Amino acid sequence: MRIKHILTTVTVMTGMAMSAETPVYLDPNAPVEARVEDALSRMTLEEKVGLCHAQSKFTSKGVERLGIPEVRMSDGPHGVRAEINWNDWGYAGWTSDSITAFPALTALAATWNPEMSALYGKCVGEEARYRDKNVLLGPGVNIYRTPLNGRNFEYMGEDPYLAGEMAVPYIQELQKNGVAACVKHFALNDQEKWRGSVNVDVSDRALYEIYLPAFKKAVQEGGSWSIMGAYNKVWDQHCCHNERLLQDILRGEWGFDGAVITDWGGAHDTKEAALNGLDIEMGSYTNGLTSESEFGYDDYFLADPYLDMLKSGEVPMSTVDDKARNILRLIFRTSMNTSKPFGSKCTPEHYAAAKAIGDESIVLLKNTGILPLDGNKYNSILVVGENATRCLTEGGGSSELKVKDYVSPLSALHALYGDKVKYAKGYVSGRSLYEKEDVIPQEELDKLRSEAVAMAKDADVVIYVGGLNKNAWQDCESTDRREYSLPFGQNELIEELIKANPNIVIANITGNAYEMPWIEKVPAVLHLSYLGTMGGASLADVVAGKVNPSGKLPYSIPVKLEDCGANSFGVESYPGVETENGPRQKYMEDILVGYRWHDTKKIPALFPFGHGISYTTFAYGKPVLSAKQMSEGEAITVTVPVTNKGAVGGKEIVQLYIGDEKASVLRPVKELKHFDKISLAPGESKDVAFTITPDDLKFFDDKKHEWVAEPGKFKVYIGSSSADIRAVDSFNYKYSLK
Ligand code: BGC
């Protein structure tokens, strides 16, 4: 039996003609649905249930008797995580699992370049394929609601349109490798504090307009083959078996045919999991993430307890058939797809891709002319800050990566400017793990600070590379940040450095916004996220002007925390309040997330969504609308000429926002509907064209449960950021009552 099976598999793998006995499910040329039904018809009840839960930390079962392989998963989303032990959270200590670390997703979003997203998906997919993974746990498209969320660096910013546009090419290119994306965390997992239990109260408008669109695009346009349920609750039910999220919306409204996988330990109830569309339960062996228990894989909610319920008739057999179908579909699309490529890892192309994405992601927030730094002008360049040398692919939780190579900012700056570069650490943060925080003695901190300040006095220019560090209570899974300001005494250090040498460039590495009380006193600020393997090289090239910065903020940077909508309402809104039924929170800013809040409430951000300057300047001409009137089924084209006015080539991200002048419901002043990143040589002009359709005018009518565009005047804003609007025009929308 076994030998016969092996022979059949060999036949399939070598693409030779199928023998008459080859079962349909093993025939790679048969349609996937036919393979699914054939495999299902051969399986016992126990085998079907076996598919629905983990058999190790990162694999779920296949069907050994039928030669259907297990599903091998890996984090995601910034590279393929090092191998984890079969049965506990320790790293397995392999020597063949070091990889390319790609920039964090928040950096990808800051490129505003879907081509970069496609390149990212392709390369990370090739690495996942090489490492023989079937599912890569990412990308994450939760919305950046508050700068305190420890996991914002794994997501794509505050705007649902931007996040969706950037997620789609990543998923499509990743999956060409026969590796499934697993879009996460569905849904409303917008903070880490109490992530396993907080019950989110959100309006239907905010849900449909802000929190769901990126997931919907990932599923419908990206075609994601799997999705991960979030830890938290919505409407008093955990997301991993939430009837409305999974059955009504995901499968019902969006037609998702892939597999729903829990977040690790996200299942809590067999009956709900059975009935509400969960397919694979992972991670329940641990109570959360860190400790072990006697609970074994057969005890999972979707293991023996489910089998018992099926046998007793408490839940219908159709539930397990549906789950098995979804999982088999995932398997045929991935591990049993015999035409997938072989993949590759740590290639020059992957390093070049990581570098290119990093280059385009760096946001120049402010520059009075000090940048780019002309090496000939300076004899001594002092680099200060722990992040200039700290390997920032470590930490952060499940997205942590074991890199083969890491170019630090200090080494890259040294390579560019040679011995002119000196280094002072300035501060030290230590390692803060969840249970244990390093306490750095005050004398050590004082010593580091005075050394850096003394060296700054003697330097011609200072480059400060600090920020957050992906340890607990920074940008890190499981915990939120404790403060909006920079940690580890960095603000005081920066103030002292400015006094010692006002010729200072701030280049902070962070996946989040932070307070900048010294902003008026510094000539330049660069904002970058965790850029992985090639991050230092990207930073150095931007500092030196070899790369003209072209990233724009995918989230607003408020002056102070209370200027952020979610944080302005107090604890009820963020992080929630503890009740006898667990913590609860209400999204009180509702649809006014990020720039929608700043605009509508007239609270200017320190640096607005979409902001980012260049070493050149761009002039916008007058936009031309193809019509001033639009009816249902029609479209208007907006064309705007953009010219590079400077002496260097550069890239500009042209943004189109739409505002509804008068509506029957509250609408934000404007919302991003289109953007385009263009490259212009010095003096060059290009026409940027956008097509507006009635869909761009709609809000979600929660009473009718449908998207509605009301007749009237709509404003078109063309901007270089959400606050730097270069032209405004308008048109009239009317219903044609056909
Ligand atoms: C995280 C997921 C991750 C999973 C597996 C969970 O704690 O929330 O994003 O994919 O662990 O590591």
Side-chain angles (χ1 to χ4, degrees), residues 53-60 71-92 97 99 104-106 124 128 131 133-142 149-156 167 171 174 179-198 215 218 224-233 238-240 259-268 278 280-292 300 393-402 433-434 470 472 475-480 511:
H53 58 88
Q55 58 165 5
S56 77
K57 277 282 171 285
F58 278 90
T59 68
S60 62
V71 180
R72 288 183 293 274
M73 312 179 195
S74 173
D75 286 302
H78 307 140
V80 190
R81 193 179 183 183
E83 298 297 329
I84 304 280
N85 287 336
W86 189 255
N87 223 13
D88 67 53
W89 281 98
Y91 282 109
D97 58 353
I99 43 70
L105 288 191
T106 194
V124 77
R131 291 266 311 276
K133 302 300 177 193
N134 312 127
V135 179
L136 189 73
L137 304 172
V141 293
N142 292 91
N149 179 11
R151 263 186 120 169
N152 279 335
F153 71 103
E154 285 189 64
Y155 305 136
M156 296 207 256
I171 295 165
L174 165 71
V179 176
C182 184
V183 184
K184 62 193 191 182
H185 306 91
F186 189 61
L188 300 149
N189 180 186
D190 307 312
Q191 68 187 45
E192 289 300 287
K193 179 147 176 134
W194 294 323
R195 67 174 175 169
S197 54
V198 69
F215 284 105
S224 188
W225 292 331
S226 67
I227 194 166
M228 184 187 289
Y231 278 132
N232 50 288
K233 291 180 180 173
H238 275 101
C239 292
C240 286
V260 177
I261 303 174
T262 59
D263 201 338
W264 269 230
H268 299 271
L278 174 65
I280 305 181
E281 178 190 0
M282 298 298 296
S284 301
Y285 178 64
T286 54
N287 65 353
L289 287 174
T290 45
S291 58
E292 304 289 330
Y300 271 38
T393 66
E394 287 163 9
S398 59
S399 63
E400 167 168 273
L401 295 171
K402 175 176 161 189
L433 303 172
Y434 308 118
K470 288 174 87 184
D475 285 327
C476 190
E477 186 174 331
S478 286
T479 53
D480 278 352

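When a ligand or atom number is given, it counts from 1 through the structure's own listing order. When a residue number appears, it is its place in the shown sequence, counting from 1. Predicted model only: the values in this text are computed from it and were never measured.
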TODO: Look at K57 together with E83 and state whether they make a salt bridge at an N to O cut-off of under 4.0 Å.
DONE: no
TODO: Could you tell me if any non-hydrogen atom of M73 lies under 4.0 Å from any atom of ligand 1?
DONE: no
Open item on the list: Quick check: do K184 and D75 have side-chain heavy atoms less than 4.5 Å from each other?
Closed with: yes
- [ ] Please examine the side chains of K233 and W194, heavy atoms only from C-beta on, and report whether any two atoms are closer than 4.5 Å.
- [x] no
Task: Per-atom contacts, ligand 1 versus H185 - under 4.0 Å to a heavy atom - done: 2 (C), 8 (O), 9 (O)
Task: Contacting atoms of ligand 1, where contact means under 4.0 angstrom from a heavy atom of S398 - done: 1 (C), 2 (C), 3 (C), 9 (O), 12 (O)
Task: Trace of the salt bridge (Lys or Arg N to Asp or Glu O under 4.0 Å) decision for D480 with K193 - done: CA-CA 6 Å; D480 278 352; K193 179 147 176 134; over 6 Å; no
Task: Test side chain to side chain contact (heavy atoms under 4.5 Å, CB included) applied to L137 and M282, R81, M228, the passing residue - done: M228
- [ ] Could you tell me if any non-hydrogen atom of M282 lies under 4.0 Å from any atom of ligand 1?
- [x] no
Task: Parallel, tilted or perpendicular: rings of Y300 and H53 (30°, 60°) - done: tilted
TODO: Hey, could you give me the CD/CG distance between E477 and N149, rounded to the nearest 0.5 Å?
DONE: 10.5 Å
Task: ligand 1-proximal atoms of R81, by part, heavy-atom distance under 4.0 Å - done: side chain
Task: Closest candidate by heavy atom, reference atom 4 (C) of ligand 1, pool L136, D263, N189 - done: D263
Task: Contact atoms of ligand 1, heavy-atom distance to L137 under 4.0 Å - done: 10 (O)
Open item on the list: As an exercise, identify every atom of ligand 1 less than 4.0 angstrom from a heavy atom of F58.
Closed with: 5 (C), 12 (O)
Task: Atoms in ligand 1 flagged as close to K184, the criterion being non-hydrogen separation under 4.0 Å - done: 2 (C), 3 (C), 9 (O), 10 (O)
Open item on the list: Check contact between E154 and ligand 1, using heavy atoms of the residue and a distance below 4.0 angstrom.
Closed with: no
- [ ] Would you mind running through ligand 1 and noting each atom that sits below 4.0 Å from a heavy atom of Y231?
- [x] 6 (C), 7 (O), 8 (O)
Open item on the list: Students often mix this up, so state it plainly: with edges at 30° and 60°, are the rings of F215 and F186 parallel, tilted or perpendicular?
Closed with: perpendicular
Task: Within-cut-off N or O pair, E477 and ligand 1, under 3.5 Å - done: yes
TODO: Select one of side chain, backbone, both or neither to describe which atoms of E192 lie under 4.0 Å from any atom of ligand 1, heavy atoms only.
DONE: neither
TODO: Would you check if the side chain of Y231 reaches a backbone N or O of W264 as a donor-acceptor pair within less than 3.5 Å?
DONE: yes
